[in-house]
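Structure record follows, encoded as structure tokens.
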2 protein chains.
Amino acid sequence: MTRPEPTEAPRRQTRQRSAVLALLEQLDGFRTAQDLHALLRERGEAVGLATVYRALQALVDDGLVDVLRGDGEAAYRRCSPVHHHHLVCRSCGRTVEVADPPVERWAARVAAEHGFADVQHQLEVFGTCAACTTAR
Amino acid sequence: MTRPEPTEAPRRQTRQRSAVLALLEQLDGFRTAQDLHALLRERGEAVGLATVYRALQALVDDGLVDVLRGDGEAAYRRCSPVHHHHLVCRSCGRTVEVADPPVERWAARVAAEHGFADVQHQLEVFGTCAACTTAR
DNA sequence: TGTGTTCATGAGAATCATTCTCGCATGACT
DNA sequence: AGTCATGCGAGAATGATTCTCATGAACACA
Ligand SMILES: [Zn+2]
Ligand SMILES: [Zn+2]
Ligand SMILES: [Zn+2]
Ligand SMILES: [Zn+2]
């Protein structure tokens with residue numbers, strides 16, 4: 001998924017980056033950069049919007065955060081570093097990480113059958129969680 | 001995937017919409033709206049950019065075209081109306097439609113296990129096609 | 001702890017795809 | 001042909017993301 005990164009770029013520890021990561025740790029769903037920016041401001045840990053974007057990008061590069069590109073804006077979530085997919089509530093954003101070994105093999109096989117190399121895949125499942133279903 | 005559409009909106013046939021669909025029929029990969037707009041202009045079949053976007057949106061609504069949201073811009077491709085996924089060359093855009101019954105069942109099952117309803121999923125496989133691999 | 005080098009920050013401008021506005025043109029139907 | 005709802009196009013507007021660049025802060029080292 002991520003490249004081998006021969007030159008591990010040094011990452012400087014700052015209040016802002018810590019704040020972004022700490023906030024993500026407390027949330028259990030995907031959130032947009034703008035949402036996170038607003039939340040940080042509410043909590044007094046003000047961080048510039050551009051910096052939020054930069055911090056998120058760095059976290060994504062480091063494999064600590066997953067990004068989901070929906071219709072308009074991208075959403076970010078603190079995730080485990082092992083390969084997995086998501087089951088996302090399209091109403092409240094609540095997310096469950098799910099693994100599926102079969103689809104991993106399937107993707108590799110079907111790609112090989114068609115002569116494709118350097119294969120990646122993306123799989124996301126969307127639905128309405130139990131809480132949101134009963135709440136309506 | 002698509003909503004029940006109680007009032008099937010009538011779709012008026014115009015030169016522009018026909019041109020967009022005809023162009024898509026000739027291409028075998030995903031193309032952005034801007035690309036299609038440029039191609040139409042080159043071929044003399046000039047169509048306004050806003051109209052290209054509107055035509056594509058209509059085609060998507062009608063299930064004739066699939067849309068792929070990459071990093072920045074959305075890409076469109078004439079596709080068969082039956083449910084399927086894509087194997088896309090990340091270099092030249094060439095695309096193969098692939099079906100995978102197992103993942104359909106898996107998605108439904110894992111969603112149910114977690115209490116999620118009204119489930120959808122999106123699965124795309126990216127790679128470098130044989131032609132692009134040898135060409136480099 | 002002081003000092004210098006280097007990278008990070010942030011406010012606002014810039015970018016860029018997409019959508020909206022609105023006056024005019026053109027399909028569909030009688 | 002006549003009516004009328006729709007579609008068209010040029011340009012403005014929108015909105016998320018990125019860039020600019022002067023200032024501030026981390027970090028390595030003495
Ligand atoms: Zn929910
Ligand atoms: Zn996977
Ligand atoms: Zn290719
Ligand atoms: Zn499927």
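All chains are named by letter (A, B, ...) in the order of the sequence lines, taking the proteins before the strands, and each is independently numbered beginning at 1.
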Q.
Using the ring centroid of each side chain, check whether B:Phe30 and B:His86 are separated by less than 6.0 Å.
A. yes

Between CG of B:Leu49 and P of D:dG7 the distance, given in whole Å, is 18 Å

B:Leu59 atom CG is separated from D:dG7 atom C1', nearest whole Å, by 14 Å

| message | With a 4.0 Å cutoff (strictly under), does any side-chain N or O of B:Thr14 reach OP1 or OP2 of C:dT26? | response | no

Check: Below 4.0 angstrom, N of the basic side chain to O of the carboxylate: do A:Glu124 and A:Arg90 qualify?
Finding: no

Per nearest nucleotide of DNA chain C, the residue lying toward the 5' end, B:Gln13 or B:Tyr76, is B:Tyr76

B:Glu73 CD to D:dT17 P, in whole Å, measures 15 Å

Taking D:dG9, D:dA16, C:dG10 as options, the one with an atom nearest any side-chain atom of B:Gln16 is D:dG9

Whole-Å distance, B:Arg31 CZ to C:dA17 P, equals 16 Å

Across the strands shown, which category fits A:Gln34 at heavy-atom distances under 4.0 angstrom: base, sugar-phosphate, nothing? base

**Message:** Less than 6.0 angstrom separating the ring centers of B:His37 and B:Tyr53, yes or no?
**Reply:** no

Quiz prompt | Phosphate OP1/OP2 of C:dC7: any A:Arg17 side-chain N/O under 4.0 Å | solution = no

Taken to the nearest 0.5 Å, the spacing of B:Asp28 CG from B:Arg78 CZ works out to 14.0 Å

A:Gln57 atom CD is separated from C:dA8 atom C1', nearest whole Å, by 15 Å

>> Would you say the ring centers of B:His121 and B:His85 fall short of 6.0 Å from each other?
In response: yes

When rounded to whole Å, the CG to P distance for the pair A:Leu56 and D:dT18 reads 10 Å

note: B:Tyr53, atom OH; D:dG9, atom P; distance rounded to Å ~ 15 Å

A:His37 atom NE2 is separated from C:dG12 atom C1', nearest whole Å, by 13 Å

ask   = Counting any heavy atom closer than 4.0 Å, what does A:Arg54 reach on the DNA or RNA strands: base, sugar-phosphate only, or nothing?
value = base

Using only modelled atom types and a 3.5 angstrom limit, is any donor from either the side chain of A:Arg12 or the base of C:dC7 paired with an acceptor on the other? yes

